[in-house]
J.: 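This structure is in structure tokens; I'll ask about it shortly.
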Amino acid sequence: QSALTQPASVSGSPGQSITISCTGTSSDVGAYNYVSWYQQHPGKAPKLMIYDVTNRPSGVSNRFSGSKSGNTASLTISGLQAEDEADYYCSSYSSSSTEVFGTGTKVTVL
Amino acid sequence: QMQLVESGGGVVQLGRSLSLSCAASGFTFSNYPIHWVRQAPGKGLEWVALISYDGNNKYYADSVKGRFTISRDNSKNTLYLQMNSLRTEDTAVYYCAQNSWLPFFYFYSMDVWGQGTTVTVSS
């Protein structure tokens, strides 16, 4: 049950696009289309941003998009805004009948 | 509106036990599997456990297997986490979380989260 690997930090200027990667294995990210992405502001509970690799829940801005290639999933934030500054976590179902989260990425808006 | 409210956190000595609760409201609790997820201070999210909608199936992270027990009382709309043999590395904010649109499906994205309850294990 090793955590999925994410970059520790990603930054961008307002209006730019950034992409966060999430690398797993053929037993989790690569095996299932059950990758989710969560946004967490300091002191708050996580918020679901993407589910099933590419889908946005109702109410989530279309500036957020997800994709997957092989064992790596990605979250792209386009038109970066100050309110997007937060921690982001990916997660995936694993063949060991567990859920595994990513190591987390701190997004900074310059 | 679906709501989850955790309680039971506190300071506990190394090796002792503590029980957490998660009260659910605003939906048919007995239709939905539900998770515990924790976050150590300054660290990332860690999945802890999942229980099926009927309580018959339970799944645990290796880090808590054999020490923690997840359970639920559907008549009380409440989820529990019994934590035994606590270690300093169990210090964290504990969240209950679930999916709101896919009943009965075990592992799925979590769009409803509680506010969390803090557990501190002191040595």
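The figures that follow rest on heavy atoms only: side chains count, while hydrogens, waters and symmetry mates do not.
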J.: Nearest 0.5 Å please: distance from the OH atom of Tyr38(A) over to the CH2 atom of Trp113(B).
T.: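 Rounded to the nearest 0.5 Å, the OH-CH2 separation comes to 6.0 Å.
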J.: Roughly how far, to the nearest 0.5 Å, is the OH atom of Tyr108(B) from the OG atom of Ser91(A)?
T.: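 If we round to the nearest 0.5 Å, Ser91(A):OG and Tyr108(B):OH are 11.5 Å apart.
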J.: Between Gln6(A) and chain B, which part of the residue has a heavy atom less than 4.5 Å away: side chain, backbone, both or neither?
T.: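 Looking at Gln6(A), nothing touches chain B.
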J.: Considering all heavy atoms of both residues, which atom of Tyr95(B) and which atom of Lys44(A) are nearest to each other, and what is their separation?
T.: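 Scanning both residues, the minimum pair turns out to be OH-O, 3.5 Å.
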J.: Crowded around Gln1(B) CD? As in, over 12 foreign heavy atoms under 6.0 Å?
T.: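 No, not enclosed.
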J.: Given a strict heavy-atom distance threshold of 4.5 Å, which part of Tyr60(B) is in contact with chain A: side chain, backbone, both, or neither?
T.: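 It is the backbone, since no side chain atom gets that close.
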J.: If you group Ile, Leu, Val, Met, Phe, Trp and Tyr by side-chain heavy-atom gaps below 4.5 Å, do Val5(B) and Met2(B) land in one group?
T.: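 Different clusters: Val5(B) never reaches Met2(B) through Ile, Leu, Val, Met, Phe, Trp or Tyr contacts under 4.5 Å.
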J.: Counting heavy-atom pairs under 4.5 Å to chain B, which of Tyr34(A), Tyr93(A), Phe101(A) comes out on top?
T.: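 Between Tyr34(A), Tyr93(A), Phe101(A), the count favours Phe101(A).
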J.: Do Leu4(B) and Val37(B) share a hydrophobic cluster, counting only Ile, Leu, Val, Met, Phe, Trp and Tyr and linking them when any side-chain heavy atoms are less than 4.5 Å apart?
T.: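 No: no chain of side-chain contacts under 4.5 Å links Leu4(B) to Val37(B).
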J.: Could you see if Tyr32(A) belongs to whatever hydrophobic cluster contains Leu4(A)? Use Ile, Leu, Val, Met, Phe, Trp, Tyr and a side-chain cutoff under 4.5 Å.
T.: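 Different hydrophobic clusters.
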J.: Please look at Val112(B) and chain A and tell me whether the side chain, the backbone, both or neither of the residue comes under 4.5 angstrom of a heavy atom of that chain.
T.: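 Nothing of Val112(B), per the 4.5 Å heavy-atom cut-off to chain A.
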J.: Is atom CZ of Arg63(A) surrounded by more than 12 heavy atoms (other residues, nucleotides or ligands) closer than 6.0 Å?
T.: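 More than 12 heavy atoms, drawn from other residues, nucleotides or ligands, come within 6.0 Å of this atom.
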J.: What part of Asp87(A) is in contact with chain B, defined as an atom under 4.5 angstrom from a non-hydrogen atom: side chain, backbone, both or neither?
T.: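 Neither part, no heavy atoms under 4.5 Å.
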J.: How many angstroms lie between CD in Gln39(B) and OH in Tyr89(A), if you round to the nearest 0.5 Å?
T.: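 If I round to the nearest 0.5 Å, the distance is 4.5 Å.
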J.: Around atom CD of Gln82(B), are there more than 12 heavy atoms of other residues, nucleotides or ligands at under 6.0 Å?
T.: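 Result for CD/Gln82(B): enclosed.
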J.: Using a heavy-atom distance cut-off of less than 4.5 Å, which residues of residues 43-50 of chain B contact chain A?
T.: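 Result: Lys43(B), Gly44(B), Leu45(B), Glu46(B), Trp47(B).
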J.: Supply the atom-to-atom distance Asn99(B) CG to Leu48(A) CG, rounded to the nearest 0.5 angstrom.
T.: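 Asn99(B) CG to Leu48(A) CG: 8.0 Å, rounded to 0.5 Å.
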J.: Please check if Tyr32(B) and Trp101(B) belong to a single hydrophobic cluster, counting links between Ile, Leu, Val, Met, Phe, Trp and Tyr side chain heavy atoms closer than 4.5 Å.
T.: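 Cluster IDs for Tyr32(B) and Trp101(B) differ.
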J.: Between chain B and each of Pro46(A), Pro57(A), Ala45(A), Ser97(A), count heavy-atom pairs under 4.5 Å; write down the option with the most.
T.: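 Winner by heavy-atom pair count: Pro46(A).
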J.: To the closest 0.5 Å, what do you measure between CH2 (Trp37(A)) and OG (Ser109(B))?
T.: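 OG of Ser109(B) is found 14.5 Å from CH2 of Trp37(A).
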J.: Apply side-chain contact (heavy atoms from CB on, under 4.5 Å) to the pair Glu99(A) and Tyr59(B), showing each step before the final yes or no.
T.: CA-CA 9 Å; Glu99(A) 186 78 13; Tyr59(B) 305 87; over 6 Å; no
J.: Who wins among Thr103(A), Ile50(A), Asp52(A) for the most heavy-atom pairs under 4.5 Å with chain B?
T.: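 Of the candidates given, the most pairs with chain B belong to Asp52(A).
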J.: Treating Ile, Leu, Val, Met, Phe, Trp and Tyr as nodes and any side-chain heavy-atom pair under 4.5 angstrom as an edge, say whether Leu14(B) and Tyr94(B) lie in one connected cluster.
T.: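 Yes; tracing contacts between hydrophobic side chains, which count when under 4.5 Å, links both residues.
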